[in-house]
Amino acid sequence: MVYHNLKALIKGIRACKTVADERALIQQESAAIRASFREEDSYARHNNIAKLLYIHMLGSPAHFGQIECLKLVASPRFSDKRLGYLGIMLLLDENQEVLTLVTNSLKNDMNHSNMYVVGLGLCTFANIASEEMSRDLANEIEKLLGSSNTYIRKKAALCALRVIKKVPDLSDHFISKAKNLLTDRNHGVLLASITLVTEMCQIDETCLNEFRNAVPLLVRNLKALVTTGYSPEHDVSGITDPFLQVKVLRLLRLLGKGDNQASETMNDILAQVATNTDSSKNVGNSILYETVLTVLEIEADTGLRVMAINILGKFLSNRDNNIRYVALNTLNKVVGMDTNAVQRHRNIILDCLRDGDISIRRRALELSYALINEQNVRVLIRELLAFLEVADDEFKLGMTTQISLAAERFAPNKRWHIDTVLRVLKLAGNFVREEILSAFIRLVAHTPELQAYTASKLYTALQADISQESLTLAAVWVIGEYSEILLEGGIIDEDQPKQASDKEILDLLLSTLDSPYANSLSRQFVLASITKIASRPTTSAPQQGRVTEILTKYTTSPELELQQRAVEFESLFTLGDLKAGVLERMPPPELKATVMGVVSENKPVGSTQGGKDADLLGDEIPSAATPVTNGQAAQNNQDLLYEIFGASPSTSSPTPAGRTPSLSPQPQKSSVQDILGLFDSTPSVSSGMPSSAPSPPIATQPTFSMPQGQGPPPQPPQQQAAAPRLASYTAYDKNELKITLTPQTSAARPGAVKVLARFQVSGSTPASGLTFQAAVPKSQQLQMLPMSNPDVRPGATETQQMQVIAPPGSLVRLRLRISFTIAGQSVQDQVDFSGFPPGLTGGSS
């Protein structure tokens, strides 16, 4: 049956008992509506469009009514126009060609004598206007902004907002009218005009100077809102017009940034808002939060900044988890601005580590990293270790890295440093990065006065727990290297040293060999360790024979690496005096600069910021430059470790005296797919970051090459021969973004070129969401570290480090892909760069 009006259709659809019945009824009614459209029945058109819009709301096709909506719009009756414009807003979008037919109707209705017809046209325009329609009707919108009717002015302001979003170039048309609107006394017009001005300032920073003269006016409006008593029309929970207050604060934030005079004008009112706003209601907290953001963004007084941070500290005591999360998130962003003010709230931040909400724990953890300095390192590390004991597994990898890096950077003494890392190994040994373990071994090797203490602690810890992989590796390495210290001085315990026999030491190491937690890497360490112990004169003959039997057993191991090591170690025992020279104690490895850790916001650990050119090693974020697949994670991690340790996967470092040559197998070459298809062929590119999950141990890692990591930072690294730094070369200078590349080479490593990329914006508009990708020819390899900050502000310089490994004598060539957003426009570009001088990689070009 055919339903004559919308009410009857709704009643019929509700009477359907099944979905199939409802679908059949809608199809039948749609067919009847189409037939009515073909008959050009103008009387029934209004009812048909009403029914069709209801059908559209139910999710069924209704696009065939678009033209009929246009016919309704052309009707002189207001009810027809209203329904027609409603149908246009629902059935059309800015990408459809039919929209061009609406432009003329909108233009006519915007000039209509009836204010409500004009309002219909403005409302429709604000919802569906395309770029082309915005250009066509911009003059009408500009004219209506000066209307004497407040109803029309408010809607015209919202239409102007749509225009500048679609066509930012047209913002100049509305500047003078927008200035006049800011003086309007009508609430709706003022709210719309402030929204319009805010958007104009965000899209085009040249508008800031135009509207900075309006700061005193905005301050007066805000003061009136703060001092006005109860206003029933716009009151929310006792706060007068909070929506307008928030809009004014956001605009003041834009106008005061970088302008001392404007900031000075608004300082007093911001202090007044911060002190007079009721924080017991959520509405008041929203205004306080906007006030804090404004204070931190403008050139405010120091006292005002401290007050803003204190407000955030007060938020941390709120029972609402959303407010606490917002406070922690904001403190994370401003901790570098005024660390001392944030430090005052350290205790409550640490209390958030015990919160039941995982999001709050994560943010509190990141903020705790940033608060660490020389004065509070003992207290904060103690709290972080207590949290590590009960933390979820997803936190542990990042926590062990950050705690170890903070200990390196701020340790009051080496004994405390060693105790801290030992505690980390005991609590989360299965979640320790290889470079952190490497740095610990390096520290022990360079601290002879604590080697007996460290070996004793590791011996005791290994007796208590052999399930923690990194603890096992560290203990096996140290005990094997310094076994004679344990045999001569005994196990240093809390009370008295206890004597340890070579049999007990070997029993402990061999218990890890057959444990269910053992893997290929730990077995390699154990074989090397017992071989070293057997070569010491303090080891008895029976135990040396026992080691020989074990090595003989593993000469037939199905694991190729273990079999190879066992055969080589067993043959060493037949070399007489040469055996002692090869297996003597390893010399302390070369000290290198500490690798800085970063948290998820790319902030360095600790409240003392490093230099812009400092090396950055990410905590848990994959590099945006190179996607990492699951199959590539281990190899990419290995390539990164070689990069950090100062060697390349394609070159083998010379074997120091006393190190077994056979312990340095050649690592396999990493084969990685091209970056987003930048090259037609497949270049070999390594990820600049390991994946966030714990990477599996690398079977080909040399057993005693662990100390090739970081050096302990309490003492300055040894000065190495200065590598020649070349001039900077401009690789990209377009769209207000300039990228320069500074190469650095070392005579000791021909073919390896470290490249520091610097990013600067030439104008006054910041570039956000910057992604910098690079690829090299197939004959070369590329490794990248993460960018210091993807948002480049005017006057600031952001950096990203790369290393290119090329055949000596070849020319370094890069293909760069850059994408970023500036002034609301998305920019994507690709350039080829080969501007480095010949001979950069050594050899003859």
Side-chain angles (χ1 to χ4, degrees), residues 131 134-135 138 141-142 145 157-158 160-182 192-219 222 246-267 270 290 293-300 333-334 337 732-739 758-771 789-798 818-829:
E131 181 177 341
S134 299
R135 293 185 185 277
I141 301 298
E142 182 183 358
L145 283 173
L158 297 177
L161 181 64
R162 176 84 177 196
V163 171
I164 63 171
K165 283 185 175 182
K166 292 297 176 184
V167 192
D169 299 340
L170 295 178
S171 58
D172 295 341
H173 287 66
F174 306 112
I175 289 178
S176 60
K177 294 293 177 64
K179 287 180 180 178
N180 295 332
L181 290 179
L182 288 177
S193 62
I194 290 177
T195 306
L196 172 62
V197 172
T198 302
E199 188 67 27
M200 291 171 69
C201 292
Q202 288 176 334
I203 290 178
D204 186 1
E205 290 197 1
T206 58
C207 295
L208 288 172
N209 295 328
E210 297 284 348
F211 291 105
R212 282 206 167 104
N213 293 332
V215 169
L217 175 64
L218 294 170
V219 169
L222 185 57
V246 167
K247 291 285 186 182
V248 173
L249 287 168
R250 287 179 181 173
L251 182 53
L252 289 176
R253 182 158 77 239
L254 290 173
L255 298 177
K257 183 178 179 181
D259 188 286
N260 291 324
Q261 183 178 355
S263 300
E264 181 68 28
T265 306
M266 61 184 77
N267 273 342
L270 291 176
E290 289 296 335
L293 294 183
T294 303
V295 169
L296 295 175
E297 192 77 15
I298 67 172
E299 310 301 317
K333 297 175 181 177
V334 304
M337 187 183 300
Y732 182 83
D733 192 1
K734 288 188 289 187
N735 302 310
E736 298 188 33
L737 177 69
K738 183 177 182 181
I739 303 175
R758 289 184 173 90
F759 309 91
Q760 296 172 308
V761 289
S762 55
S764 58
T765 306
S768 59
L770 176 61
T771 301
N789 192 343
D791 297 331
V792 186
R793 298 185 175 275
T797 302
E798 304 302 338
I818 306 105
S819 62
F820 58 95
T821 302
I822 190 165
Q825 298 293 322
S826 180
V827 178
Q828 288 188 346
D829 213 342

Point to revise | Taking every non-hydrogen atom, the tightest pair across Ala262 and Gly256 | key: CB-CA, 4.2 Å

**Study point:** Atom of Val167, atom of Ser134 and distance for their closest heavy-atom approach
**Key:** CG2-CB, 4.0 Å

Review point. Roughly how far, to the nearest 0.5 Å, is the CZ atom of Arg250 from the CG atom of Leu293?
Key: 9.0 Å

Study note, to complete from the structure: Taken in chain and number order and not counting sequence neighbours, the residues that satisfy salt bridge (charged side-chain N to carboxylate O under 4.0 Å, His left out) with Lys734 are Asp829

Point to revise | Those residues that, when tested against Lys166, pass salt bridge (charged side-chain N to carboxylate O under 4.0 Å, His left out) (two or more places apart) | key: Glu94

Exercise for review: Could you list the residues that satisfy side-chain contact (heavy atoms from CB on, under 4.5 Å) with Val761, not counting sequence neighbours?
Suggested key: Leu737, Ala767, Val792, Pro794

Review point. How long is the span from the CG atom in Leu770 to the CD1 atom in Ile818, to the nearest 0.5 Å?
Key: 8.0 Å

Point to revise | Pairing residues for Gln202 by the side-chain contact (heavy atoms from CB on, under 4.5 Å) criterion, not counting sequence neighbours | key: Thr198, Glu199, Leu254

Check your understanding: Say you draw a straight line from CD of Glu736 to CG of Asp733; how long is it, rounded to the nearest 0.5 Å?
Key -> 10.5 Å

Point to revise | Heavy-atom pair of closest approach, residues Thr265 and Val219 | key: O-CG2, 4.1 Å

Point to revise | Heavy-atom side-chain contact between Leu196 and Ile164 under 4.5 Å | key: yes

Review point. Among all residues two or more places apart in sequence or in another chain, which pass the side-chain contact (heavy atoms from CB on, under 4.5 Å) test with Asp791?
Key: Ser768, Asn789

**Study point:** Partner residues of Glu297 under the side-chain hydrogen bond (donor to acceptor under 3.5 Å, both in side chains) criterion, sequence neighbours left out
**Key:** Lys257

**Study point:** Minimal non-hydrogen separation, Arg135 against Leu170, with atom names
**Key:** CA-CD1, 4.1 Å

Practice item. Kindly write out the residues that satisfy salt bridge (charged side-chain N to carboxylate O under 4.0 Å, His left out) with Glu264, not counting sequence neighbours, or none if the list is empty. Key: none

Review point. Is the number of heavy atoms from other residues, nucleotides or ligands within 6.0 Å of NZ (Lys177) greater than 12?
Key: yes

**Study point:** Polar side-chain atom of Glu299 near backbone of Gly258 as donor-acceptor pair, under 3.5 Å
**Key:** yes

Practice item. Enter the distance from Leu296:CG to Lys333:NZ here, rounded to the nearest 0.5 Å. Key: 11.0 Å

**Study point:** CA sep, side-chain torsions, deciding dist, call: Asn180, Leu145, side chain to side chain contact (heavy atoms under 4.5 Å, CB included)
**Key:** CA-CA 9 Å; Asn180 295 332; Leu145 283 173; over 6 Å; no

Check your understanding: Just how far is it from atom NE2 of His173 to atom CD1 of Ile141, taken to the nearest 0.5 Å?
Key -> 12.5 Å

Point to revise | Heavy-atom pair of closest approach, residues Met200 and Ala178 | key: SD-CB, 4.4 Å

Review point. Distance from Lys738 atom NZ to Arg758 atom CZ, nearest 0.5 Å?
Key: 11.5 Å

Study note, to complete from the structure: Contacts of Ala192 meeting side-chain contact (heavy atoms from CB on, under 4.5 Å) (sequence neighbours excluded), chain-then-number -> Lys154, Ala157, Leu158

Check your understanding: Could you walk me through whether Leu251 and Phe211 pass the side chain to side chain contact (heavy atoms under 4.5 Å, CB included) check?
Key -> CA-CA 10 Å; Leu251 182 53; Phe211 291 105; 5.9 Å; no

**Study point:** Side-chain heavy-atom pair Leu252, Leu222 within 4.5 angstrom cut-off
**Key:** yes

**Study point:** With Phe174 via ring-ring contact (aromatic ring centres under 6.0 Å, His included) - residues at least two apart
**Key:** none

Exercise for review: Would you indicate whether the side-chain heavy atoms of Ile822 and Val827 approach each other to under 4.5 Å?
Suggested key: yes

Exercise for review: Go through the steps for Asn267 and Ile298 under the test side chain to side chain contact (heavy atoms under 4.5 Å, CB included), then give the verdict.
Suggested key: CA-CA 9 Å; Asn267 273 342; Ile298 67 172; 4.1 Å; yes

Practice item. Apply side-chain hydrogen bond (donor to acceptor under 3.5 Å, both in side chains) to Glu210 and list each qualifying residue two or more places apart in sequence or on a separate chain. Key: Lys179

Review point. Mind checking what makes salt bridge (charged side-chain N to carboxylate O under 4.0 Å, His left out) contact with Asp259, not counting sequence neighbours?
Key: Arg212

Review point. Who passes side-chain hydrogen bond (donor to acceptor under 3.5 Å, both in side chains) against Thr206, sequence neighbours left out?
Key: Asp204

Point to revise | Thr294 side-chain N/O to Leu249 backbone N/O, donor-acceptor pair under 3.5 Å | key: yes

Practice item. Heavy atoms only: give me the nearest Ser193-Leu182 pair and the separation to one decimal. Key: OG-CD2, 4.0 Å

